[in-house]
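Below is one structure; the comments refer to it alone.
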Amino acid sequence: MDRICFTVLAAAAAMAAAAFENGGIWPDSGGVHINAHGGCVLQDGGTYYWYGEHKIAGGAGNRAHVGVGVYSSEDLHEWKNLGVALAVSDDPASDIAKGCILERPKVLKCPKTGKYVMYFHLERGNGGYSDARVGIAEADAPEGPFKFIRALRPTPGTAPQNAPADELGEEAMQKSLADTAKPVSNGPSEAGMKALLWPAHTRGGQHCRDMTLFLEDDGTAYHIHSSEHNSTLHIDELTDDFLGYTGRWWRMAVKDWTEAPAICKHDGWYYLIGSGCTGWKPNEARYYRARKITGPWERMGNPASGINPLNGIGPALTWGGQSYYILQPSKATGGRHIAMFDIWRPQNAIDGRYVWLPVEFGDGTISIPWKNEF
Ligand code: GAL
């Protein structure tokens with residue numbers, strides 16, 4: 001009896017010791033701060049795989065010099081570094097050459113092919129953020145190695161399923177070509193608000209920057225990404241091998257300038273958390289809700305509350321963080337959805353921090369109160 005009691009107490013102590021301080025250093029099983037930023041957590045069988053941007057020290061770490069890192073865990077606390085899941089290439093001619101921008105990797109297991117598919121935001125070459133592409137990679141095993149397949153701008157030659165009539169046709173195309181010829185800032189501006197942006201991009205495909213993936217109960221996958229100069233989110237339906245697009249897509253949060261999409265489903269509602277567009281600097285989170293993933297989506301408020309004691313920042317700047325993923329409930333999450341945020345450190349990118357918090361559900365609403373520990 002005593003022995004059982006001791007074992008239970010020891011297990012409880014181990015669990016308590018394993019709690020992560022939100023916004024603090026999160027050591028992996030080797031004692032090194034976890035290096036997997038802007039990513040996602042995939043549950044596969046009884047194991048969790050945490051993928052994310054592998055950053056190096058200093059400002060150079062804002063570009064990809066290594067690739068996408070992966071960690072595994074059975075309990076979401078003890079994380080083993082499995083190394084690099086998708087490596088950037090030493091060949092300067094590669095689309096994913098060292099020094100490119102490779103952000104927000106998301107991984108799903110495809111039920112049809114049994115393969116693991118990774119989508120990420122890719123800016124090829126050494127330029128800024130104007131390339132606005134998605135990169136797609138695939139692997140036979142969750143830890144990789146992922147093989148890069150291609151980079152593209154999605155859904156060329158197609159119109160959104162929910163486009164209003166006045167955005168279709170030749171007149172709309174001419175307006176769009178004129179509007180996109182002018183500079184449109186990556187943030188709310190008068191020119192940006194008036195501009196009709198998507199029709200002109202049917203020629204080369206739509207912009208693709210911050211992103212996530214979502215797997216529906218029926219096995220259909222959706223790629224949700226900031227588009228149209230970051231002014232509007234697109235929800236793109238994927239083919240059943242998850243390697244391409246069906247050409248059916250929907251616009252949401254139109255001209256709301258939303259980045260950092262993270263999505264979940266609960267009790268007949270879809271919820272999407274996002275941020276505004278202020279680069280690495282934090283801003284106020286917002287969420288949207290819908291009865292169908294394809295919309296219509298309704299803008300709700302800021303789900304965040306409470307203060308992060310490590311930096312004194314509250315909900316107006318999302319505790320200094322920016323959303324990146326929502327993990328579905330399981331035993332290890334205590335039956336809760338877990339919303340995940342990055343606290344970026346662009347001057348020393350490798351030192352970026354994590355905040356994981358349970359989502360509280362109301363009647364068609366969500367809230368995310370701060371907690372010091374995950
Ligand atoms: C953020 C975005 C990040 C990264 C950064 C670059 O707004 O969410 O993923 O692209 O801008 O400034």
Side-chain angles (χ1 to χ4, degrees), residues 37-39 52-69 84 86-106 118-137 146 148-156 176-177 179-189 191-192 195 197-198 200-212 223 225-234 236 257-261 275-281 283 322 324 342 344-350 352:
H37 309 266
E53 303 159 29
H54 180 106
K55 307 266 197 192
I56 62 168
N62 298 312
R63 307 189 79 93
H65 299 276
V66 176
V68 176
V84 180
L86 171 71
V88 292
S89 172
D90 287 326
D91 175 1
S94 163
D95 279 350
I96 55 164
K98 243 175 217 176
C100 68
I101 293 174
L102 194 169
E103 294 178 339
R104 297 191 176 265
K106 301 289 177 283
M118 182 187 290
Y119 278 54
F120 52 90
H121 169 199
L122 178 66
E123 301 286 339
R124 299 172 302 173
N126 293 312
Y129 278 85
S130 58
D131 199 33
R133 272 169 168 69
V134 55
I136 304 174
F146 281 79
F148 175 68
I149 298 176
R150 62 179 159 267
L152 61 115
R153 282 190 177 175
T155 60
S176 182
L177 288 169
D179 285 352
T180 47
K182 289 180 249 152
V184 185
S185 74
N186 282 340
S189 67
L197 296 169
W198 71 261
H201 291 289
T202 56
R203 297 188 164 180
Q206 301 292 329
H207 282 173
C208 191
R209 294 201 181 97
D210 279 9
M211 63 170 66
T212 196
H223 178 214
H225 56 96
S226 301
S227 196
E228 303 179 38
H229 299 263
N230 287 349
S231 69
T232 298
L233 288 170
H234 289 186
D236 301 346
W257 309 90
T258 305
E259 291 191 315
S275 73
C277 298
T278 53
W280 302 117
K281 295 204 184 83
N283 57 59
Q322 190 183 28
Y324 69 86
D342 292 287
W344 303 111
R345 298 262 165 112
Q347 292 81 7
N348 186 20
I350 194 174

Might you point out which heavy atoms bring [X] and [Y] nearest each other, and give the distance in Å?
{"X": "N348", "Y": "G58", "value": "OD1-N, 2.8 Å"}
{"X": "L177", "Y": "A200", "value": "CD2-CB, 3.8 Å"}
{"X": "D236", "Y": "P154", "value": "OD2-CB, 3.5 Å"}
{"X": "L197", "Y": "S176", "value": "O-OG, 3.5 Å"}
{"X": "D342", "Y": "G38", "value": "OD1-N, 3.0 Å"}
{"X": "S275", "Y": "Q322", "value": "OG-NE2, 2.9 Å"}

Checklist entry - With a 3.5 Å cut-off and no angle check, do the side chains of E53 and Y324 form a donor-acceptor pair? => result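 There is no such pair (donor and acceptor under 3.5 Å, judged by atom type) between the side chains of E53 and Y324.
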Any residue meeting side chain to side chain contact (heavy atoms under 4.5 Å, CB included) with [X], in chain and number order, not counting sequence neighbours:
{"X": "R345", "value": "D351, R353"}
{"X": "A191", "value": "S189"}
{"X": "P156", "value": "none"}
{"X": "K98", "value": "V88, D90"}

Next on the checklist: I96 vs F120, test: side chain to side chain contact (heavy atoms under 4.5 Å, CB included). Steps then yes/no.
Outcome noted: CA-CA 11 Å; I96 55 164; F120 52 90; 4.1 Å; yes
Checklist entry - For H225, what residues pass the ring pair (Phe, Tyr, Trp, His ring centres under 6.0 Å) criterion, not counting sequence neighbours? => result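 Residues passing ring pair (Phe, Tyr, Trp, His ring centres under 6.0 Å) with H225: H223, H234.
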Item to check | Contacts of type ring pair (Phe, Tyr, Trp, His ring centres under 6.0 Å), residue H229, not counting sequence neighbours | outcome: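 Checked H229 against ring pair (Phe, Tyr, Trp, His ring centres under 6.0 Å); matches are H201, H207.
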Working to the nearest 0.5 Å, report the span between [atom1] of [X] and [atom2] of [Y].
{"X": "D179", "Y": "E228", "atom1": "CG", "atom2": "CD", "result": "11.0 Å"}
{"X": "H54", "Y": "L102", "atom1": "NE2", "atom2": "CG", "result": "12.5 Å"}
{"X": "C208", "Y": "L152", "atom1": "SG", "atom2": "CG", "result": "8.0 Å"}
{"X": "F148", "Y": "S89", "atom1": "CZ", "atom2": "OG", "result": "10.0 Å"}
{"X": "T232", "Y": "W257", "atom1": "OG1", "atom2": "CH2", "result": "7.5 Å"}

Item to check | side-chain hydrogen bond (donor to acceptor under 3.5 Å, both in side chains) against T258, all qualifying residues, sequence neighbours excluded | outcome: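 So T258 forms a side-chain hydrogen bond (donor to acceptor under 3.5 Å, both in side chains) with R286, Y288.
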Checklist entry - Which residues satisfy the side-chain hydrogen bond (donor to acceptor under 3.5 Å, both in side chains) test with T278, sequence neighbours excluded? => result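 Once residues adjacent in sequence are excluded, the partners of T278 under the side-chain hydrogen bond (donor to acceptor under 3.5 Å, both in side chains) criterion are N283.
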Next on the checklist: Evaluate I56 against I350 for side chain to side chain contact (heavy atoms under 4.5 Å, CB included), listing each step before the verdict.
Outcome noted: CA-CA 5 Å; I56 62 168; I350 194 174; 5.7 Å; no
Please tell me if the side chains of [X] and [Y] come closer than 4.5 Å, counting only heavy atoms from C-beta onward.
{"X": "R153", "Y": "Q206", "answer": "no"}
{"X": "L233", "Y": "S227", "answer": "no"}
{"X": "L86", "Y": "P105", "answer": "no"}

Item to check | Y129 and H121 aromatic ring geometry - parallel, tilted or perpendicular at 30°/60° bounds | outcome: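 Plane angle between 30° and 60°, so tilted.
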Next on the checklist: Quick one: does any side-chain atom of E123 pair with a main-chain N or O of R133 as donor and acceptor, under 3.5 Å?
Outcome noted: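 Checking the backbone N and O of R133 against the side chain of E123, no donor-acceptor pair under 3.5 Å is found.
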Partners of [X] by salt bridge (charged side-chain N to carboxylate O under 4.0 Å, His left out), sequence neighbours excluded?
{"X": "E259", "answer": "none"}
{"X": "D210", "answer": "R104"}
{"X": "R124", "answer": "D95, D131"}
{"X": "K106", "answer": "none"}

Checklist entry - Do K55 and W344 pass the side chain to side chain contact (heavy atoms under 4.5 Å, CB included) test, and can you show the C-alpha distance, the side-chain angles, and the key distance before you say yes or no? => result CA-CA 11 Å; K55 307 266 197 192; W344 303 111; 4.0 Å; yes
Next on the checklist: What verdict does the side chain to side chain contact (heavy atoms under 4.5 Å, CB included) test give for M211 and E103, after you've listed the backbone C-alpha separation in whole Å, the side-chain angles of each residue and the deciding distance to 0.1 Å?
Outcome noted: CA-CA 9 Å; M211 63 170 66; E103 294 178 339; over 6 Å; no
